[in-house]
Asker: 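This is the structure I have questions about; it appears just below.
A, B, ... follow the sequence lines: proteins, then strands. Residue 1 opens every chain. Remember, it's a predicted structure, so these values are computed and weren't measured experimentally.
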There are 2 protein chains.
Amino acid sequence: MTSLGGASEERGGELATASRIRDAAIARFGRDGFRAGLRTIAADAGVTAGLIVHHFGSKDGLRRACDERVLEIMRREKKKALTDGTGTMLLAQMAQVEQFAPMVLYLLRSMQAGGELAAELIEHMISDAEAYLSAGEAAGVVRPSRDRAARTRYLAYQATGSMLLWFTLHGGDAEPEKFPALFRQYMDELALPALELFTEGLLVDRSMLDEYLMYVPDPPSAASNAADQDGTAS
Amino acid sequence: MTSLGGASEERGGELATASRIRDAAIARFGRDGFRAGLRTIAADAGVTAGLIVHHFGSKDGLRRACDERVLEIMRREKKKALTDGTGTMLLAQMAQVEQFAPMVLYLLRSMQAGGELAAELIEHMISDAEAYLSAGEAAGVVRPSRDRAARTRYLAYQATGSMLLWFTLHGGDAEPEKFPALFRQYMDELALPALELFTEGLLVDRSMLDEYLMYVPDPPSAASNAADQDGTAS
DNA sequence: CACCAGATTAAACACTCGTTCAACCGCCCG
DNA sequence: CGGGCGGTTGAACGAGTGTTTAATCTGGTG
């Protein structure tokens with residue numbers, strides 16, 4: 001898998017200008033954040049600022065193009081990768097591949113800023129996790145929850161949010177070479193505590209949970225949990 | 001508890017100009033992010049942009065003053081609040097108090113941007129969690145971990161990062177009134193899955209953890225874990 | 001009262017930003 | 001060959017930014 005673009009995106013081994021600009025923008029946005037100027041991106045792509053708005057209409061149009069591009073690649077790569085249901089593994093694997101690393105960085109920046117792309121990605125991760133957890137329950141390796149949808153959202157937000165925070169604090173410089181190593185370090189630090197928590201829990205007795213269940217009789221019944229298995233929650 | 005400032009910060013019931021500017025900056029930075037202009041902040045405080053740099057040297061000086069202020073308030077309030085060791089509870093309680101809400105918002109922005117304040121706050125939360133978990137282990141309510149330090153960092157990053165991500169996506173508008181309600185909603189959505197995970201874990205059997213422990217014989221020994229016990233707990 | 005130091009202001013400065021505009025170049029079509 | 005036409009450029013514009021500077025106002029002190 002050496003070629004990234006679709007059939008119409010390259011021409012005789014040389015990328016079309018618009019695609020080159022878009023890719024340069026993804027890399028620059030990932031490195032410097034979205035406050036990066038059009039002139040900087042233009043210089044990276046070897047063109048002028050005016051040409052960017054000629055092709056994309058505006059800076060916001062360029063961002064939209066970048067968002068769509070990243071989403072497209074993420075969807076394409078997701079099918080090839082083993083996922084842990086939260087997307088962390090997928091991002092980790094993609095970060096190892098030199099060509100995908102800028103997109104992972106762009107995605108992290110996008111989540112820092114909180115745009116539509118970030119929201120959509122999170123929803124994808126949540127629905128992935130839903131399927132993954134449901135499968136795990138069916139296979140008997142995952143304990144059923146009193147509120148599966150809530151647990152799914154909880155786990156997705158925890159996994160994604162902690163990763164985002166970790167990179168915000170430890171990888172603020174955002175050097176492209178150290179990035180895969182940082183990812184590996186993050187997952188190494190994570191693995192043991194996560195596995196411990198997932199298999200053994202944290203608390204010794206059930207009193208806190210039982211107290212909570214006494215006060216809040218809210219969680220949906222097991223029946224509604226089973227009925228949810230086909231579609232997505234609101 | 002109605003007065004926020006120290007003795008030298010107010011004069012006859014009216015805040016000194018520098019403090020008024022600083023507080024306006026905290027509120028404006030929290031609402032609009034750090035790209036907010038000096039003139040906007042100046043207008044909020046009823047002064048001119050030049051006066052701000054006269055008092056604080058530069059925009060960065062203003063940010064440093066805001067950081068110190070927030071850190072000071074956080075430290076002061078921490079002693080009065082019940083904490084769950086991750087700081088989430090502390091922030092939730094402070095967000096309910098109208099006068100503290102802007103600071104919580106500022107803090108979230110600070111973590112989005114990843115400055116020194118954010119790093120310091122996280123370290124505080126981690127050391128708090130360390131003490132809290134150690135006390136829990138000693139009291140026999142928290143299971144000991146094979147690597148307590150790693151688990152502490154893991155839990156702190158999970159709690160803080162998921163909260164940050166949640167607010168980035170759900171509270172991007174950052175309206176000051178809806179903020180306490182958002183916080184309550186976040187914790188309501190969280191409580192059940194968190195308690196479930198903490199008391200029952202996620203996985204049915206130990207195979208994944210045991211496999212990992214076979215491959216990585218790294219975690220510090222129980223002896224080194226026990227030796228840590230005196231330093232941090234208070 | 002005279003005077004000075006600090007608070008405060010309005011204007012200007014130097015810069016970057018996204019965007020616009022007129023011109024130019026090279027290619028394809030007639 | 002001629003003529004468009006999209007790709008591309010460089011310069012300019014206007015609105016922002018943080019910061020500087022000179023002038024004004026104000027309050028306390030000798």
Asker: Between A:Asp188 and A:Arg184, does any side-chain N to carboxylate O distance fall below 4.0 Å?
Answerer: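 Answer for the salt bridge query: no.
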Asker: Could you state the atom-to-atom distance from CZ of B:Phe56 to P of C:dT8 in whole Å?
Answerer: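 In whole Å, C:dT8 P and B:Phe56 CZ are 11 Å from each other.
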Asker: Would you indicate which nucleotide in C:dT8, D:dT19, C:dG18 comes nearest to any side-chain atom of B:His55?
Answerer: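 Nearest to the side-chain atoms of B:His55, counting from C-beta on, is C:dT8.
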Asker: If you only use heavy atoms from C-beta on, which nucleotide in C:dT9, C:dT19, D:dG10 is closest to the side chain of A:Val53?
Answerer: C:dT19
Asker: For C:dT20 and A:His54 - does any side-chain N or O of the residue sit under 4.0 Å from the phosphate oxygens OP1/OP2?
Answerer: no
Asker: Between A:Thr40 and A:Gly50, which has a closest nucleotide on DNA chain C that is more 5'?
Answerer: A:Thr40
Asker: Calculate the interatomic distance between A:Arg63 atom CZ and C:dC17 atom P; express it in whole Å.
Answerer: 17 Å
Asker: What is the distance from CD1 of A:Ile52 to P of C:dC17, rounded to the nearest Å?
Answerer: 12 Å
Asker: Using atom types as modelled and distance alone, determine if a side-chain donor or acceptor of A:Ser58 lies under 3.5 Å from a backbone N or O of A:Gly61.
Answerer: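 Such a contact is found between A:Ser58 side chain and A:Gly61 backbone.
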Asker: Is it true that, when you exclude A:Glu116 itself, more than 12 heavy atoms of the residues, nucleotides or ligands shown sit nearer than 6.0 Å to its CD?
Answerer: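 Count not over threshold, so no.
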Asker: Can you check the B:Ile21 CD1 to C:dA7 C1' distance for me, whole Å?
Answerer: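 Rounding to the nearest Å, CD1 of B:Ile21 and C1' of C:dA7 are 10 Å apart.
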Asker: Does a side-chain N or O from B:Thr17 land closer than 4.0 Å to OP1 or OP2 of C:dA7, or not?
Answerer: no
Asker: For a quick check of understanding: with a heavy-atom distance under 4.0 Å over all strands, which category does A:Ala42 fall into, base, sugar-phosphate or nothing?
Answerer: nothing
Asker: From the options C:dT8, C:dT19, D:dT19, select the nucleotide whose nearest atom is closest to the side chain of B:Leu38.
Answerer: D:dT19
Asker: Under a 4.0 Å threshold between the charged nitrogen and the carboxylate oxygen, would A:Asp128 count as salt-bridged to A:Lys78?
Answerer: yes
Asker: Could one point to a donor on the side chain of A:Arg39 or the base of C:dG18 with an acceptor on the other under 3.5 Å away?
Answerer: yes
Asker: What is the separation between atom CD1 on A:Ile41 and atom C1' on C:dT19, rounded to the nearest whole Å?
Answerer: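 About 14 Å, once rounded to whole Å.
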Asker: Without hydrogens or angle criteria, can the side chains of B:Thr152 and B:Tyr132 be said to hold a donor-acceptor pair below 3.5 Å?
Answerer: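 Distance-only check fails for B:Thr152 and B:Tyr132.
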Asker: Pick base, sugar-phosphate or nothing for A:Ala36, based on heavy-atom distances below 4.0 Å to the nucleic acid.
Answerer: sugar-phosphate
Asker: Roughly how many Å is it from CG in A:Asp60 to P in C:dC17, rounded to a whole number?
Answerer: 17 Å
Asker: Which is more 5' along DNA chain C, the nucleotide nearest A:Gly57 or the one nearest A:Arg35? Just name the residue.
Answerer: A:Arg35
Asker: Of all the choices, D:dT19, C:dC17, D:dG7, which nucleotide is nearest to the side chain of A:Leu51 once you look at every atom?
Answerer: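 Per side-chain heavy atoms of A:Leu51, the pick is D:dG7.
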Asker: Calculate the interatomic distance between A:Leu62 atom CG and C:dG18 atom P; express it in whole Å.
Answerer: 10 Å
Asker: What is the distance, rounded to the nearest whole Å, between atom CG of A:Asp32 and atom P of C:dT16?
Answerer: 15 Å
